[in-house]
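Report on the structure given below.
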Amino acid sequence: MTTHTVDTAQELAAFLRARRERLDPRALGMPPRRGARRTPGLRREEVAELAGVSVDYVVRLEQARGLRPSADVVEALAGALRLSPVERSYLFDLAQQRPRTAAEPSATAAPSLARLVTDLSPLPAMLMNHRFDILAWNREMADLLLDFDTLPPARRNAMWLCLMHPRIREFYVDRDRVLREGVAHLRSAWAAHPEDRALSDLIAEFLAGDETFARLWAERDIQVNGRGDKAVRHPDVGVITVRFEVLMPVQDPDQRLLIFRAADEASQSALDRLSARTTAP
């Protein structure tokens with residue numbers, strides 16, 4: 001499948017239309033207007049009024065006609081469309097109004113971060129970049145998921161595993177939610193790294209190979225959760241509920257440190273059994 005890096009003008013146009021169409025004018029206190037609404041959501045003139053810009057400007061943005069809105073206009077549009085903080089950041093990325101790091105995306109773990117992942121034992125932990133490439137992991141994470149050393153480096157990707165690996169496809173109890181959150185993260189990363197060919201190729205592979213990914217991608221959801229609970233099915237110890245936390249190193253903001261903790265006593269007991277099995281002589 002032929003793939004391209006992000007066309008930010010086209011995606012900005014599509015995102016603005018999608019967010020405009022999801023709004024309920026009555027919930028925003030908009031006065032009734034004459035004539036039936038032919039499409040859901042706000043009219044372009046209503047967005048223009050709320051944002052303090054011309055209707056023609058909104059039309060040209062939604063038609064991807066080469067405009068690059070200023071930071072002030074992006075802020076006004078985010079307010080008019082009632083965007084969440086994550087959606088606002090996504091809009092700023094698409095408008096290329098958020099400072100970008102000069103460094104290339106990381107393909108390897110910094111040595112200090114790799115040591116930290118090991119030192120977090122007995123908590124399962126791994127380090128990923130914005131593409132979900134798995135850069136480092138400790139023994140506990142391998143015990144819980146799978147032995148990453150058995151995979152070719154190109155397949156050490158958390159999203160690829162969830163979509164394509166036979167065991168990991170059945171690993172998450174609420175797989176749809178996990179996929180939804182993963183797709184949201186990739187969409188945010190796609191906007192923040194518009195020239196990352198490897199990321200664009202990965203997304204193209206998923207779009208061509210998995211109907212669920214394609215459906216979720218088309219929804220343009222970019223709400224990312226950095227903490228929460230996940231229930232997983234382990235073939236040897238049964239269902240485990242883990243509490244996850246995602247941390248972003250200040251000096252390596254492209255990377256994400258994922259840490260699991262047991263969410264209850266039964267899950268802690270299951271993790272302890274896994275650990276004892278691999279450390280037994």
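Computed from a predicted model, the values in this text were never measured in an experiment.
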Interatomic distance, NE2@H165 vs CG@N157, rounded to 0.5 Å, equals 12.5 Å
Could you report the tightest heavy-atom contact between D93 and A192, atom names first, then the distance?
OD2-CB, 3.7 Å
Might you work through the side-chain contact (heavy atoms from CB on, under 4.5 Å) test for E11 and R220, ending with a clear yes or no?
CA-CA 10 Å; E11 177 58 22; R220 287 187 164 80; 3.0 Å; yes
Please report, to 0.1 Å, the donor-acceptor pairs under 3.5 Å made by any side chain of residues 110-126, with sequence neighbours excluded.
from : atom 1 : to   : atom 2 : distance (Å)
T118 : OG1    : A114 : O      : 3.4
S121 : OG     : T118 : O      : 3.1
S121 : OG     : E140 : OE1    : 2.7

Under the 4.5 Å side-chain heavy-atom rule for ILVMFWY, direct or indirect, which residues accompany V250?
none
Heavy-atom closest pair, residues L91 and A78
CD2-N, 4.1 Å
Quick one: do L161 and M141 end up in the same hydrophobic cluster if we chain Ile, Leu, Val, Met, Phe, Trp and Tyr together by side-chain heavy atoms under 4.5 Å apart?
yes
List for me each residue that meets ring pair (Phe, Tyr, Trp, His ring centres under 6.0 Å) alongside F244, sequence neighbours excluded, and say none if there are none.
none
Determine whether a donor-acceptor pair (N or O, by modelled atom type, separation under 3.5 Å) exists between the side chain of R175 and the backbone of C162.
yes
Any R215 side-chain heavy atom under 4.5 Å of E211 side chain
no
Assess whether atom CZ of R65 is packed by more than 12 heavy atoms of other residues, nucleotides or ligands within 6.0 Å.
yes
Is a donor from one side chain sitting under 3.5 angstrom from an acceptor on the other, for H130 and D196?
yes
From CA spacing to verdict: salt bridge (Lys or Arg N to Asp or Glu O under 4.0 Å), R82, E87
CA-CA 9 Å; R82 304 301 192 263; E87 291 171 330; over 6 Å; no
I'd like to know if the side chain of R88 and the backbone of V74 have a donor-acceptor N/O pair within less than 3.5 Å.
no
More than 12 non-hydrogen atoms from neighbouring residues, nucleotides or ligands closer than 6.0 Å to CZ on R261, yes or no?
no
Can you check whether F206 reaches W217 side chain to side chain, under 4.5 Å on heavy atoms?
no
Under the ring pair (Phe, Tyr, Trp, His ring centres under 6.0 Å) test, residues paired with F15 that sit two or more places apart:
Y90
Compare all side-chain heavy atoms of K230 with those of V178 and state whether any distance is below 4.5 angstrom.
yes
Restricting to salt bridge (Lys or Arg N to Asp or Glu O under 4.0 Å), what partner residues turn up for D221, sequence neighbours left out?
none
Give a yes-or-no answer on whether the side chains of D264 and Q268 include a donor-acceptor pair shorter than 3.5 Å.
no
Check for a donor-acceptor pair, side chain of E205 on one end and backbone N or O of L202 on the other, with a separation under 3.5 Å.
no
Quick one: do L179 and F213 satisfy side-chain contact (heavy atoms from CB on, under 4.5 Å)? Show the steps, please.
CA-CA 7 Å; L179 282 177; F213 184 94; 5.9 Å; no
Under 4.5 Å between side-chain heavy atoms, counting indirect links through other Ile/Leu/Val/Met/Phe/Trp/Tyr residues: same cluster for V183 and V246 or not?
yes
Any chance the side chains of N129 and D254 put a donor and an acceptor closer than 3.5 Å?
no
Locate the shortest heavy-atom distance separating A95 from P69; write the atom from each residue and the value.
CB-CG, 4.0 Å
Would you say the side chain of F92 lies within less than 4.5 Å of the side chain of E75, judging by non-hydrogen atoms?
yes
Hey, does the side chain of S267 reach the backbone of T241 with a donor-acceptor pair shorter than 3.5 angstrom?
yes
Following the transitive rule for hydrophobic clusters with a side-chain heavy-atom cut-off under 4.5 Å over Ile, Leu, Val, Met, Phe, Trp and Tyr, establish whether L94 and V47 coincide in one cluster.
yes
Side-chain donor/acceptor of R169 to backbone N/O of M164, under 3.5 Å
no
So which heavy atom on A51 is nearest to which on A76, and how close?
O-CB, 3.4 Å
Spacing of W190 atom CH2 and I222 atom CD1 [to the nearest 0.5 Å]:
12.5 Å
Going by distance alone, is a donor N or O of one side chain under 3.5 Å from an acceptor N or O of the other, for T8 and Q96?
yes
Rounded distance (nearest 0.5 Å) linking atom CG of L81 with atom CG of L50:
8.5 Å
Mark yes or no for whether E46, through its side chain, and P25, through its backbone, hold a donor-acceptor pair below 3.5 Å.
no
Any chance you could lay out the side-chain contact (heavy atoms from CB on, under 4.5 Å) test for T108 and L135, step after step, and finish with the verdict?
CA-CA 6 Å; T108 59; L135 308 180; 5.8 Å; no
side-chain contact (heavy atoms from CB on, under 4.5 Å) between F148 and L146, intermediate numbers included
CA-CA 6 Å; F148 300 109; L146 79 167; 3.6 Å; yes
Tell me the closest heavy-atom pair linking A109 and Q255, and the distance in Å.
CA-NE2, 4.2 Å
Taken in chain and number order and not counting sequence neighbours, the residues that satisfy salt bridge (Lys or Arg N to Asp or Glu O under 4.0 Å) with R177 are D174, E181
Rounded to the nearest 0.5 Å, what's the gap from CE on M159 to CD1 on I203? Could you check?
9.5 Å
Short side-chain donor-acceptor distance under 3.5 Å, R273 and S269
yes
Heavy atoms, side chains only, cut-off 4.5 Å: are L271 and I240 in contact?
yes
Within a strict 4.5 Å, meaning less than it, do heavy atoms of the L247 and E245 side chains meet?
yes
Hey, are the side chains of R243 and R227 touching, using non-hydrogen atoms and a 4.5 Å cut-off?
no
Does L145 belong to the same Ile/Leu/Val/Met/Phe/Trp/Tyr cluster as L257, with side-chain heavy atoms less than 4.5 Å apart forming each link?
no
Once you round to the nearest 0.5 Å, how far does CG of L77 lie from CG of L83?
8.5 Å
Can a donor-acceptor pair be found, under 3.5 Å and without considering hydrogens, that links the side chain of H185 to the backbone of F132?
no
Distance (rounded to the nearest 0.5 Å) between Y57 OH and R60 CZ:
7.5 Å
If hydrophobic clusters are built from ILVMFWY residues whose side chains come within less than 4.5 Å, do I168 and M128 share one?
yes
